[in-house]
Each structure stands twice: as C-alpha cells, then as structure tokens.
Q: 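I'd like to ask you about the structure that follows.
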Amino acid sequence: MASAAASAGVTGRAVRVLVADDQTVVREGIVMLLGLLPGIEVVGSAADGEEAVRLVAEHAPDVVLMDLRMPRCDGVEATRRIRADHPGTEVVVLTTYADDDSLFPALRAGARGYLTKDAGGEEIARAIADVRSGAAGLSPQVQRRLLERLAEDGPAPRGSGPSAAEPGTAPQPVLPDGLTTREAEVLALIAEGLSNPEIAAELFVSVATVKTHINNLFAKTGVRDRAQAVGYAYRHGISRQP
C-alpha cells in the first residue's frame, strides 16, 4: 500500500484530499483509511455535494473522493461545478454503484477516476496518484465496462474511425471533429487506460509527441480531461482495430 500512496505525492508534497459522502460511518472510515496512507493529507470532509463545493473553494484540495448519491446536490452535479470553477482539483468517484446511469454521467461531468466502495486502500491511493499524474484512475471493472459499452455500440461506420484503406487506394479516414488518424489512435489508447509513456511506447514516438497529439485532440473535441476523452471515444466508436 505504501508504494502507491507515496507515488500520489507527485509534486514532492502530500496530496491534499477532500472526502464527500453522506453516510457518516462511511465518510469517517474513508478519512481514517486515508490518514494511514503516507503522501496523503485529508483537508476536510463533506456530507453532501453543496458542502463539497464550498469546501473545495475554501481548502483547494488536489483531489476530491466523491460519492454520487447525496442529498441537496448529488455527486455528478458537484463534480461538474468543481471541475468548472476549480480546474486544478481532480475528482475521483467512490461509490457503491457501477451501473451505466451512474458511471457515464460522472465521467461526462469531469470525474477522472471511478472506484466502487469495495476498493481497498492500495486501489484508492493508486487512483489518486493516477489522476494527479494526468491519467485516468479507473478500476479494472470500470475499464471493462467502458470497453463493453464500446463493443455494444457496434463497430464504427466505415470511415469514422482509424482503419485500413481499401486495397489500392490511399487511406482517407473521415473522423469526427477533424481528428487525424494519429490523434484517433492516441484517443483509442487513452480509452484503454494507457498512460502517456505507455502510448509513446505503443506508437514508437516520444512522450512529448504524445502530449502534443493529446492537446490537439482535446482542443478539437472539446473534452477537458482523459475521463471525458474516454466517453468521447466510446460515443464515436473510436477504438484500435484488431
């Protein structure tokens, strides 16, 4: 557990975390668990979304662990408001529910991580570290659900994703929002949960080149972060071809 927790402090200082959950026992348990992890400092706890938004403005945490189903203001709306007003604060959803009606609205609202409450301290610490480094902090089951949803939507229409051209013809992919084939490849790898160094290794390019492609595709698609990019990829059927 210590290795993942220590890596959460990517800036050399403790990662400041706010916990939001309407169940007192659960909230206090999470706070106690985080207090045992090196590299993490709990700066506050909230009993609903309204309080979470207020405490983010007051304490400027690096990461919020956000429950979804809370009174007054639910986790999705609180996530949307926090990401809009405090872009330096990342949100990791920590909830009982992993159904589509909970998962996809949270990702669209700007959450970069999504865990269920059966996650252990190591998994929570790893998700915090991932979102602090710019990656998606998604549990394995959530990543599988995203890929399943992509498969359920069926293959992308011909020419709508990166694919091989007909024999004897030049490749002319028609991608949404003016994406290039390489940008679509990078987006597909982001949707698979790969980090920038892993994408660079996969495509045999530098990490700096990967960052350039990500900046370009974010600008073209209007997504704000990697979690929203995952949602965009599955909506448009962008995935690596077999």
Side-chain angles (χ1 to χ4, degrees), residues 66 76-93 100-114 127 130-138 142-165 171-242:
M66 181 76 75
V76 171
E77 178 59 24
T79 296
R80 184 178 296 110
R81 290 165 59 182
I82 289 168
R83 293 296 296 149
D85 296 337
H86 308 279
T89 297
E90 307 293 352
V91 176
V92 174
V93 169
D100 289 5
D101 290 341
S102 301
L103 171 61
F104 296 109
L107 295 180
R108 294 189 190 105
R112 276 192 173 176
Y114 197 106
D130 285 343
V131 299
R132 287 286 289 143
S133 65
L138 304 174
V142 168
Q143 293 187 41
R144 285 196 300 272
R145 181 58 196 134
L146 288 173
L147 294 176
E148 289 168 1
R149 178 64 175 268
L150 178 60
E152 288 168 4
D153 288 343
R158 187 172 177 180
S160 68
S163 59
Q172 294 180 326
V174 179
L175 294 160
D177 296 314
L179 291 175
T180 66
T181 300
R182 177 61 81 178
E183 289 164 356
E185 288 174 338
V186 171
L187 178 57
L189 292 171
I190 290 174
E192 292 183 22
L194 273 65
S195 65
N196 288 0
E198 289 170 335
I199 294 173
E202 184 78 17
L203 299 180
F204 302 100
V205 298
S206 69
V207 174
T209 298
V210 171
K211 290 180 179 178
T212 297
H213 288 313
I214 291 175
N215 288 337
N216 289 341
L217 73 90
F218 275 27
K220 290 179 179 180
T221 61
V223 302
R224 296 193 302 269
D225 52 46
R226 296 175 88 96
Q228 289 190 354
V230 171
Y232 181 95
Y234 93 75
R235 287 196 304 275
H236 291 276
I238 296 176
S239 62
R240 284 196 294 178
Q241 298 300 305

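Starting from 1, each residue takes its place in the sequence as its number. Keep in mind that what you see is a predicted model, and the values were worked out from it rather than measured.
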Q: Applying side chain to side chain donor-acceptor pair (under 3.5 Å), can you list everything that pairs with Lys220, at least two apart in sequence or on another chain?
A: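 Side chain to side chain donor-acceptor pair (under 3.5 Å) list for Lys220, sorted by chain: Glu183.
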
Q: In Å, rounded to the nearest 0.5 Å, how long is the span from CG of Leu194 to CG of Leu203?
A: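 These two atoms lie 9.0 Å from each other.
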
Q: Ile199 pairs by side-chain contact (heavy atoms from CB on, under 4.5 Å) with which of Ile190, Val207, Thr209?
A: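 By the side-chain contact (heavy atoms from CB on, under 4.5 Å) criterion, Ile199 pairs with just one of Ile190, Val207, Thr209: Ile190.
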
Q: So, does Arg226 use its side chain to make a donor-acceptor pair with the main chain of Gly134 at under 3.5 Å?
A: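 Checking the backbone N and O of Gly134 against the side chain of Arg226, a donor-acceptor pair under 3.5 Å is found.
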
Q: Does the side chain of Glu77 come within less than 4.5 Å of Arg81's, by heavy atoms?
A: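 With C-beta onward as the side chain, the pair touches.
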
Q: The criterion is side chain to side chain donor-acceptor pair (under 3.5 Å); which residues satisfy it with Arg224, sequence neighbours excluded?
A: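 Expected list: none.
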
Q: I would like to know whether Arg235 and Arg108 meet side-chain contact (heavy atoms from CB on, under 4.5 Å); could you show each step before the answer?
A: CA-CA 11 Å; Arg235 287 196 304 275; Arg108 294 189 190 105; 3.7 Å; yes

Q: Determine whether Val92 and Met66 satisfy the following criterion, side-chain contact (heavy atoms from CB on, under 4.5 Å), listing intermediate values before the conclusion.
A: CA-CA 6 Å; Val92 174; Met66 181 76 75; over 6 Å; no

Q: Once rounded to the nearest 0.5 Å, what's the spacing between atom CG of Asp177 and atom CG of Leu217?
A: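 Answer for the CG-CG pair, Asp177 versus Leu217, is 10.5 Å.
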
Q: Identify the heavy atoms of Leu187 and Ala229 that sit nearest to each other, and give their distance.
A: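 Closest approach of Leu187 to Ala229, heavy atoms only: CD1-O, 3.5 Å.
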
Q: Go through the steps to decide whether Gln228 and Tyr232 satisfy the test side-chain contact (heavy atoms from CB on, under 4.5 Å), and finish with yes or no.
A: CA-CA 6 Å; Gln228 289 190 354; Tyr232 181 95; over 6 Å; no

Q: From Thr181 OG1 over to Leu175 CG, what is the distance, rounded to the nearest 0.5 angstrom?
A: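 The CG atom of Leu175 is 5.5 Å from OG1 of Thr181, to the nearest 0.5 Å.
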
Q: Tell me yes or no: between the side chains of Arg182 and Asn216, is some donor less than 3.5 Å from an acceptor?
A: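 The criterion, which ignores hydrogens and geometry beyond distance, is not satisfied for Asn216 and Arg182.
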
Q: Can you name the closest pair of heavy atoms from Asp130 and Ser133 and give their distance?
A: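 Looking at all heavy atoms of both residues, the shortest contact is O-OG, 2.9 Å.
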
Q: Show the nearest heavy-atom pair for residues Ala191 and Ala233, with the distance to one decimal.
A: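 The answer is CB-CB, 3.9 Å.
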
Q: Is the shortest heavy-atom distance from the side chain of Lys211 to the side chain of Asn196 under 4.5 Å?
A: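 SC-SC contact between Lys211 and Asn196 confirmed.
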
Q: Which heavy atom of Ile238 sits nearest a heavy atom of Pro176, and at what distance?
A: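 Nearest pair, atom of Ile238 first, then Pro176: CD1-CG, 4.1 Å.
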
Q: Using 4.0 Å as the upper bound for N to carboxylate O, is an ion pair formed by Asp225 and Arg83?
A: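 Salt bridge between Arg83 and Asp225, a charged N being under 4.0 Å from a carboxylate O: yes.
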
Q: Could you tell me which non-hydrogen atom of Thr79 sits nearest to which non-hydrogen atom of Ala106, and how far apart they are?
A: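 Answer, listing the atom of Thr79 first, then Ala106: CG2-O, 4.4 Å.
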
Q: Where do Gly137 and Ala127 come nearest, in terms of heavy atoms and distance?
A: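 Here Gly137 and Ala127 meet closest at O-CB, 4.0 Å.
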
